[in-house]
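Inspection log for the structure reproduced underneath, given as structure tokens.
Order of the sequence lines sets the chain letters (A, B, ...), proteins ahead of strands, with each chain counted from 1.
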Amino acid sequence: MRFTKLFIPTMREAPSDVTAVCQLLMLRAGYVRQLAAGLYIFLPLGWRVLNKVNRVLKEEMEKIGAQEISMPVLHPAEIWQKTGRWDSIGEEMFRLKDRNGRDMCLGMTHEEIMAWVASKEIKSYKELPQIWYQIQTKLRDEARPRGGVLRTREFIMKDSYSFDADEEGLDISYQLHAEAYHAIFQRCGLKYYQVDSDPGMMGGAGATAHEFMAPTPAGEDEIVLCSGCGYTANVEVARSVASPIDNMNWEIEEVFTPEKRTINEVTGFLKIPAQYLIKTLLMISPDGPVLALIRGDHDLHEKKLTRVLGEFRHATKDEIRSILNIEAGFIGPMGHDNIRKIADFTLKDGNFISGANKSGYHIKGIKPGVQFDVEWYDIQTAKAGDSCFKCGGILRSEKVIEIGNIFKLGTKYSIPLGAVFLDKNGQENPMIMGSYGIGPARIAASAIEQSNDKDGIIWPRNISPFDLQIIPLNMSDPKTVEESEELYSKLREIYNHLTGEAMDVLIDDRDVRPGVKFKDADLIGIPLQVIIGEKTLKNNQIEIKVRRSGEVRKVAIEEAVREIIALYYEIR
RNA sequence: CGGGGCGUAGCGCAGCCUGGUAGCGCACCUGCCUUGGGAGCAGGGGGUCGGAGGUUCGAAUCCUCUCGCCCCGACCA
């Protein structure tokens, strides 16, 4: 491809309101442009990258027997109503009416539609298992789009769905996907982790789910990792053991804590570390008020508590006053016998301080489960420095981008949509489903986050928009142009003979100064550059530059093609 | 949803406080010149100052409303 025939609007100066590195570089290097909040245009280079990723996705999906199909983006409401998600999802779903006033929505995901097809067409165990996938646009009215391409309202996703006759079959489909995902992310040159995750709105209670996470500072999610046993999990589900504390053997005693409401204020005033305090939080659950108890040095994890209570919210200051008859800041767990109490496991052993249910006072010597009844659950947020609940090792944490996920769905969608089949005994059974997603744009963004320098992007070989870039330094010099053009056509031909595929070569045929070409080439980030200038041509040589290392090799023109191809296979 | 910030030429910004003919750098167009890390000289084009309303002789500037975009948070007891 010729640079002069490609639309690559590079920018010297970046827009001031970008924060993520991947967003900055995608904009500056001319890969994408923003249309509105959470809506991105993929320009030629950006689209080439997505297609490179998609090629890898398709190859690996085909390897596990998945079949590519394509589903509509516009869905009738009834199908979503059947599974209950029309009502449970809320504002995140784009909804509209057609001209006849029929309720419709834009697809956020395709479990319902896939299960619908299966319900219509699959009748016998002999037709199972099936794995269907698509690379399709999804629409979600995100509360806050952010990080450029990382969280958008419209995005492309590779989503696949498995249908099995039994749990054993689902295990196999699930495992096949996990293996395919490892192959995909490795081919895309990413550093990533597979972690335990929250099935969230996809699965039912007790469902199995994993996420694939690419570590980068721009990540929205956080995971904890144990270097001892390899345990890794999203903090949304991560179990941990809090750092141990001494048993203080305090007698029950009220202490005067005037105007000291927050954990910080109380620890500062009493000179007692936060781990000896209990945060007592009043929540309003569907079944009424609930007190949630966690250790003072930890944070509540709302998703964990949601799994216990269902959708809950924090009580307002007025509700605290009317329900508990106390001022916020001095709530204690004792004495509220008629209110359900959920305590984190960390409070099982020890002796704590919490509010005295009386303005200006806290109480020492509290023992949850001894002085009053509580239900024990894991409701705290795991954090770096906690101990691993499996092996006791110390956990560390990392910011990550979620690049893929796999869910065991079971019968959550097949039952409501009537996706059933007859088994060998003529018995009707619901199909056992799984769903599996990957975000190609997030793969691209993660690659940039993990692989860049001050000059620009450094693409992993397999997802670069081009395999190499030829840079003729002076388009007015006939010899330069002649050698560049010859190399340009030769490389594409010869590579073709070796592998059956064309090498993607970009030649910068613009009549601009060398400095501009060097800067743009580094910014765009194609892994290999071939530099052709009068200086080295005098010695019958050209130069090959490896973008990642900056290493430059001068080679004789006759050796150029062979050297370039050899080097191409050396880089990752 | 809550809080904060910003909207002036394609990009980056100044001007606003203290009202009086809209500016700078880069980019763009033409010509000359130049060709190993975003050259130089000369000339040139481009902005209803996000939008609406108000105050005023006069508004980018002051006031009100509104739209858009970005960031932080969605918590604490």
Check the phosphate of B:C70 against A:Gln23, side-chain N and O only, distance under 4.0 Å to OP1 or OP2. Yes or no? no

Could you work out the separation of B:A74 and B:G68 based on their P atoms and round it to a whole Å? 25 Å

Say we look at B:G44 and B:C24: how far apart would their P atoms be, to the nearest angstrom? 13 Å

Interatomic distance at P, B:G53 relative to B:G58, whole Å: 15 Å

Are A:Arg146 and A:Glu220 ion-paired here, with the side-chain N under 4.0 Å from a carboxylate O? yes

For A:Ser16, report the nucleic acid contact type (base, sugar-phosphate, nothing); a contact means any heavy atom under 4.0 Å. sugar-phosphate

Base, sugar-phosphate, or nothing: which does A:Asp520 touch, judged by heavy atoms less than 4.0 Å apart? base

Can A:Arg553 and A:Glu551 be counted as an ion pair, charged N to O under 4.0 angstrom? yes

Is a donor-acceptor contact shorter than 3.5 angstrom present between the side chain of A:Asp522 and the base of B:G37? yes

Is A:Arg12 near enough to B:A27 that one of its side-chain N or O atoms lies under 4.0 angstrom from OP1 or OP2? yes

Using side-chain contact (heavy atoms from CB on, under 4.5 Å), reason through A:Gln371 and A:Met334 one step at a time and then give a plain yes or no. CA-CA 8 Å; A:Gln371 294 144 349; A:Met334 304 181 59; 4.1 Å; yes

Here the distance between atom C1' of B:C13 and atom CG of A:Asp17, to the nearest Å, is 14 Å

Do A:Phe256 and A:Tyr361 have ring centres separated by under 6.0 Å? yes

Paired to B:G43 by Watson-Crick or G-U wobble criteria (both distances under 3.5 Å) is B:C29

Walking RNA chain B from its 5' end, the first of A:Pro15 and A:Met475 to be reached, judged by nearest nucleotide, is A:Pro15

Do A:Asn405 and A:Glu402 have side-chain N/O donor and acceptor atoms under 3.5 Å apart? yes

Answer yes or no: side-chain N or O of A:Glu13 and base N or O of B:G25 forming a donor-acceptor pair under 3.5 Å. yes

Please give, in whole Å, the distance from B:G37 C1' to A:Gln529 CD? 11 Å

Hunt down the Watson-Crick or G-U wobble partner of B:C1, both distances under 3.5 Å, from any strand shown, or write none. B:G73

Distance, P atom - from B:U34 to B:U8, rounded to whole angstrom: 40 Å

Where the side chain of A:Ala37 is defined as all heavy atoms beyond and including C-beta, which of B:C70, B:G36, B:G38 is the nearest nucleotide? B:C70

Assign each of A:Lys535 and A:His298 the nucleotide of RNA chain B bearing its closest heavy atom; nearer the 5' end lies the nucleotide of A:Lys535

Acceptor/donor pairs from residues 6-21 of chain A side chains to any protein atom, 3.5 angstrom cut, sequence neighbours excluded:
residue, atom, partner, partner atom, Å
A:Thr10, OG1, A:Asp520, OD1, 3.1

For A:Lys538, does its backbone N or O pair with a side-chain atom of A:Lys479 as donor and acceptor, under 3.5 Å? no

Under a 3.5 Å cut-off for both distances, is B:G68 Watson-Crick or wobble paired, and to whom? B:C6

Under a 3.5 Å cut-off for both contacts, is B:G38 paired Watson-Crick or G-U wobble with anything, and if yes, with which nucleotide? none

Using whole Å, report how far CD of A:Glu220 lies from P of B:C70. 13 Å

Whole-Å gap separating C1' (B:A77) and CG (A:Asp297): 16 Å

Can you see if the side chain of A:Lys279 gets near the phosphate of B:A77 - specifically, an N or O under 4.0 Å from OP1 or OP2? yes

Does anything in residues 268-280 of chain A pair up under side chain to side chain donor-acceptor pair (under 3.5 Å), and if so which pairs, sequence neighbours excluded? A:Lys279-A:Asp299, A:Thr280-A:Ser354

Give a yes/no answer on whether the side chain of A:Arg513 brings an N or O atom under 4.0 Å of OP1 or OP2 in B:G38. no

Given that both distances must come in under 3.5 Å, which nucleotide forms a Watson-Crick or G-U wobble pair with B:C24? B:G12

From CG of A:Leu282 over to P of B:C76, roughly how many Å is that when rounded to an integer? 13 Å

Could you work out the separation of B:C1 and B:U18 based on their C1' atoms and round it to a whole Å? 39 Å

What's the gap between B:C33 and B:G43 when it is taken at their C1' atoms, as a whole Å value? 15 Å

Check every atom of B:A77, B:U35, B:C69 against the side chain of A:Ser476 and return the nucleotide holding the closest atom. B:U35

Classify A:Arg33 by what it touches in the nucleic acid, base, sugar-phosphate, or nothing, heavy-atom distance under 4.0 Å. nothing

Within less than 4.0 Å of OP1 or OP2 of B:C72, is there a side-chain N or O belonging to A:Arg144? yes

Between B:C11 atom P and A:Leu25 atom CG, what is the distance in whole Å? 18 Å

Whole-Å distance between B:G38 P and A:Lys454 NZ? 12 Å

Rounding to the closest angstrom, what is the interatomic distance between B:A42 and B:C17 at atom P? 36 Å

Whole Å only: how far is the CZ atom of A:Arg151 from the C1' atom of B:C69? 18 Å

If the P atom of B:C62 is compared with that of B:G20, how far apart are they to the nearest Å? 11 Å

Sugar-phosphate only, base, or nothing, as touched by A:Thr19 at under 4.0 Å among non-hydrogen atoms: sugar-phosphate

